[in-house]
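Excluded from the calculations below are hydrogen atoms, water molecules and symmetry mates; all remaining heavy atoms, backbone and side chain alike, are included. Here the structure is a predicted model, which means the values were calculated and not measured.
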There are 2 protein chains.
Amino acid sequence: MKKTMRSTRGPRPGSTARVEGIDYGNLPVHFGYALKRAQIAAFEAFARATAGRPITPPRYTALVILEANPGISQTVLGEVLGTARSGAMMLTNWLVARGLAERRHRPDDARAWGLYLTRHGKAIVGRLKRSVWQHDQHFGARLGPAERRELLRLLGKLAP
Amino acid sequence: MKKTMRSTRGPRPGSTARVEGIDYGNLPVHFGYALKRAQIAAFEAFARATAGRPITPPRYTALVILEANPGISQTVLGEVLGTARSGAMMLTNWLVARGLAERRHRPDDARAWGLYLTRHGKAIVGRLKRSVWQHDQHFGARLGPAERRELLRLLGKLAP
DNA sequence: TATTGTTATACTCTATAACTATA
DNA sequence: TATAGTTATAGAGTATAACAATA
């Protein structure tokens, strides 16, 4: 999350800029490639929204899910994020270590934790949501209103 | 790249399936989130196309770029991939170690390498391209022809 | 037996920074 | 001075496998 001067020229790492004089073959007409590039561009908007904070997309998603689904278990959180349980655990560890979330014992099942945002976590996620939403909308403004609706509809058909 | 039985229930890691009973808030109407989900779905098609081979998207892109741009330098390859030079170097090391690419000295600049596919690399990338293209088209077939064109157009506006 | 959380481990991707050889 | 490549290091994400406690 440090801001430093770059030591070399050219597009900065993570950039989606095309390089002059390079033959990209038919990569640009692959859905996977085009989606990946658009997703990288969207991530740049996310990075601006969370600049200076160690918040990454999975961490942001976890915070939003925890806010809307208090008491959720780590296993279910992992399913929502599409990751293995071990990943959900490390993510939870990170949130707990920073005082954003807490584990509470469940009366109904001694194996599982109930996950909750702390007061601090709720405050943080509230601010984050506003900023991420604004930057995401600004990113989408490269399209017109009808185009935005159509894009979300088409993406929804690809990933139901 | 090993195929084994999973030890737990639920959607497998990497899945985009929605979890029943979970409140996703307004995540689904974020462009970044929707793009990420669609990109994960597209990656699943890529993974099927390369099943059993240790080929990842960056490695595949590098192979295609090297085939179409023989003699390219590592620095330019890094710019095309949108990564730092060190990443392009490790990627090149991997390709070279597997006999897919080779470094040749340049007569015009003793600092830079010229990167080339080997005969073996050319054969591999030829087969890979067919398989990846077929699986990508099959993935895109969830949309109609007009929808496919429109999606690529909209994605092109988001990541020019 | 099955599930939850945990621990251990590994691999990929990506980045920064410092170094060298050359331009 | 600037650039190409290299090396070292680090963090994040993700995966599998095996284990203990609990259901």
Could you give the CG-to-C1' distance, from L77(A) to dT3(C), as a whole number of Å? 17 Å
Taken to the nearest whole Å, CD/E44(B) to P/dA15(D) is 10 Å
On DNA chain C, more 5' by nearest nucleotide between K36(A) and I72(A) is I72(A)
Is the side chain of Y24(B) donor-acceptor paired with the backbone N or O of V80(A) at a distance under 3.5 Å, no angle test? no
dG13(D) P sits how many Å from I40(A) CD1, rounded? 16 Å
With heavy-atom distances below 4.5 Å as the criterion, would you say the side chains of I55(A) and L63(A) are in contact? yes
Mind checking R59(B) for me? I need base, sugar-phosphate or nothing, with any heavy atom below 4.0 Å counting as a touch. sugar-phosphate
Distance in angstrom units between Q39(A) CD and dC13(C) C1', rounded: 13 Å
By side chain to side chain contact (heavy atoms under 4.5 Å, CB included) - contacts of Q74(B) (at least two apart): M89(B), T92(B), R103(B), W113(B), L115(B)
Any side-chain heavy atom of F139(B) within less than 4.5 Å of one from E44(B)? no
Once side chain to side chain contact (heavy atoms under 4.5 Å, CB included) is applied, do any residues pair with T75(A), and if so which ones, sequence neighbours excluded? S73(A), E79(A), R85(A)
Name the pairs: protein N/O against N/O of nucleotides 21-23 of chain C, kept only if under 3.5 Å.
from: dA23(C); atom 1: OP1; to: A110(B); atom 2: N; distance (Å): 3.0

Return the set of residues passing salt bridge (charged side-chain N to carboxylate O under 4.0 Å, His left out) with R104(B) (not counting sequence neighbours), or none when no residue passes. E102(B)
OP1 or OP2 of dA15(D) sitting under 4.0 Å from any side-chain N/O of T83(A)? no
Measure across T16(B) and I40(B) and return the closest heavy-atom pair with its distance rounded to 0.1 Å. CG2-CG2, 3.4 Å
Measure from CG on L81(B) to P on dA15(C) and round the result to the nearest Å. 10 Å
Whole-Å distance between dT3(C) P and R106(A) CZ? 15 Å
Separation of L91(B) atom CG from dT6(D) atom C1', in whole Å? 15 Å
In whole angstrom, give the distance that lies between atom CD of E79(B) and atom P of dT14(C). 15 Å
For L91(A) and A62(A) the tightest heavy-atom approach is CD2-CB, 3.9 Å
Please write out the pairs of protein N or O atoms and N or O atoms of nucleotides 6-10 of chain C separated by less than 3.5 Å, giving the distance to one decimal.
from: dT6(C); atom 1: OP1; to: W113(A); atom 2: NE1; distance (Å): 3.0
from: dT6(C); atom 1: OP2; to: Q74(A); atom 2: OE1; distance (Å): 3.0
from: dT6(C); atom 1: OP2; to: Q74(A); atom 2: NE2; distance (Å): 3.0
from: dT6(C); atom 1: OP2; to: R103(A); atom 2: NH2; distance (Å): 3.4

Can you figure out which of dT14(C), dA4(D), dG5(C) approaches the side chain of P58(B) most closely? dT14(C)
How would you label the contact of A84(B) with the nucleic acid (heavy atoms, under 4.0 Å): base, sugar-phosphate, or nothing? base
Salt bridge (charged side-chain N to carboxylate O under 4.0 Å, His left out) involving R111(B) - partner list, sequence neighbours excluded: D109(B)
